[in-house]
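Lettering of chains follows the sequences in order, A, B, ..., and the numbering in each one begins at 1.
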Amino acid sequence: MEIAQPRTAEARKKIAEGCTKALKLEIPVLVDDMQDTVAKAYAAWPDRLYVLAADGTVAYGSARGPWGFKVDELVAALEKTLGE
Amino acid sequence: MRTLPPAPVLLACLLLLLLAAPCARAEEEEPRPPRGGRGGGSGGASLWERLKAHDADGDGVVTKAEFKGPDRFFDRLDADGDGRVTQAEADAVRSRRGGGGDGSRRARATGGAPRGVTLELVDANRDGVISLGEWTEFFATADCDGDGRLSAEEWKQVLEPTTRPGGKAPAVGSQAPAVQAVPLAGGEAVDLAVPKRVTVLIFGSWT
């Protein structure tokens with residue numbers, strides 16, 4: 001499957017809606033702006049995982065994906081953060 | 001199967017980068033400064049000799065403002081992160097890539113190790129060795145069109161997939177970046193620097 005690069009925020013939103021529906025996501029979905037502000041701040045491209053503690057500190061950050069995209073690590077970090 | 005805590009404790013946000021497929025055509029290419037040095041080609045000129053072409057004020061260092069290429073290339077060279085690349089830093093990069101002596105000649109004779117390939121890139125479980133399974137997974141991931149062959153474009157796209165600058169990830173223990181994102185369902189922007197609850201951020205591309 002290939003998706004054309006969205007050129008507008010509205011186009012990006014439509015892609016997000018399609019993804020949410022296709023993946024049957026029930027968690028909140030956020031959409032980055034067209035300047036990729038959040039993605040740049042988190043050096044997120046192409047894939048990355050983070051856990052933020054309630055006080056706003058970074059509790060966990062994975063290596064860059066795809067090879068750094070490790071769900072088991074995320075779960076362990078999340079459980080540790082929630083237990084603190 | 002482990003279960004995650006209930007929703008009141010946990011807010012998981014899926015931040016969709018919503019960019020094209022990983023196999024999308026790259027928009028950036030490493031700049032090619034004027035050829036110089038013996039041989040006249042990239043094979044004969046050192047990395048520093050090629051970088052000097054960017055030194056607009058001739059002060060012997062290349063600043064980020066002077067560098068005309070993508071930020072990710074500059075950041076890779078700027079070992080101490082001071083916004084300036086010196087000859088020492090350029091030579092250090094070349095050394096790590098085996099750019100001197102017999103190692104260099106062997107690399108050129110065999111076509112050279114693909115840029116960016118390190119053990120760490122393939123070693124998924126970080127045990128210091130590459131298993132056949134890890135290598136197979138690496139190849140399958142790199143082979144975007146699934147034809148069983150890695151083209152030069154696939155190699156570039158998968159190992160250097162940043163058509164956008166990679167930047168530096170916020171360190172564990174540091175304050176989360178002060179950025180906001182808009183909920184797809186509508187409503188006010190979410191300030192990720194003040195999450196108020198434990199929050200999971202999942203950055204991914206969907207294709």
Side-chain angles (χ1 to χ4, degrees), chain A residues 1-6 9 11-13 15-20 22-23 25-33 36-70 72 74-75 77-79 81-82, chain B residues 2 4-5 9-24 120-124 137-138 141 158 161-185 190 192-207:
Chain A
M1 175 187 296
E2 288 192 358
I3 298 174
Q5 283 277 9
R12 176 171 272 190
K13 184 182 172 186
I15 295 172
E17 289 170 346
C19 172
T20 301
L23 298 179
L25 298 175
E26 296 179 356
I27 57 175
V29 176
L30 306 178
V31 184
D32 205 353
D33 60 27
D36 300 327
T37 301
V38 181
K40 289 176 184 175
Y42 281 90
W45 180 256
D47 314 290
R48 209 150 198 170
L49 300 167
Y50 287 92
V51 174
L52 305 184
D55 63 359
T57 56
V58 178
Y60 165 80
S62 74
R64 199 187 296 273
W67 295 283
F69 195 93
K70 298 180 186 294
D72 285 352
L74 173 72
V75 173
L78 180 57
E79 290 177 339
T81 303
L82 289 168
Chain B
R2 282 182 284 186
L4 293 176
V9 180
L10 167 68
L11 172 65
C13 304
L14 178 61
L15 274 166
L16 299 176
L17 299 181
L18 302 178
L19 301 168
C23 300
E120 291 77 15
L121 193 66
V122 187
D123 181 19
E137 181 190 1
F138 169 80
T141 303
V158 178
T162 55
T163 57
R164 286 168 174 74
K168 292 186 178 179
V172 171
S174 67
Q175 198 64 32
V179 292
Q180 298 183 347
V182 177
L184 180 63
V190 174
L192 294 173
V194 189
K196 299 179 182 176
R197 293 180 281 184
V198 174
T199 299
V200 172
L201 299 181
I202 306 170
F203 292 90
S205 53
W206 171 63
T207 56

**Q** With side chains defined as the heavy atoms from C-beta onward, is the minimum distance between A:Phe69 and B:Phe203 less than 4.5 Å?
**A**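 Of all side-chain heavy-atom pairs linking B:Phe203 with A:Phe69, none is under 4.5 Å.
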**Q** Pick one of side chain, backbone, both or neither for B:Ala178, based on which atoms fall under 4.5 Å of a heavy atom in chain A.
**A**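 Nothing of B:Ala178, per the 4.5 Å heavy-atom cut-off to chain A.
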**Q** Would you sort out whether B:Leu201 and A:Tyr42 count as a side chain to side chain contact (heavy atoms under 4.5 Å, CB included), showing the intermediate values?
**A** CA-CA 10 Å; B:Leu201 299 181; A:Tyr42 281 90; 3.6 Å; yes
**Q** Given that the side chain runs from C-beta out, which part of A:Ala41 has a heavy atom under 4.5 Å from chain B: side chain, backbone, both or neither?
**A**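 Both the backbone and the side chain of A:Ala41 come within 4.5 Å of chain B.
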**Q** Between B:Val172 and chain A, which part of the residue has a heavy atom less than 4.5 Å away: side chain, backbone, both or neither?
**A**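 Both parts, heavy atoms under 4.5 Å.
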**Q** Heavy-atom pairs under 4.5 Å with chain B are the metric here; pick the option from A:Gly61, A:Ala59, A:Ala54 that has the most.
**A**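 Of the options given, most contacts go to A:Ala54.
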**Q** So, does A:Arg12 use its side chain to make a donor-acceptor pair with the main chain of A:Val31 at under 3.5 Å?
**A**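 No, the answer is negative, given that no donor and acceptor are paired below the 3.5 Å cut-off.
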**Q** Could you walk me through whether A:Glu17 and B:Leu184 pass the side chain to side chain contact (heavy atoms under 4.5 Å, CB included) test, one step at a time?
**A** CA-CA 8 Å; A:Glu17 289 170 346; B:Leu184 180 63; 3.8 Å; yes
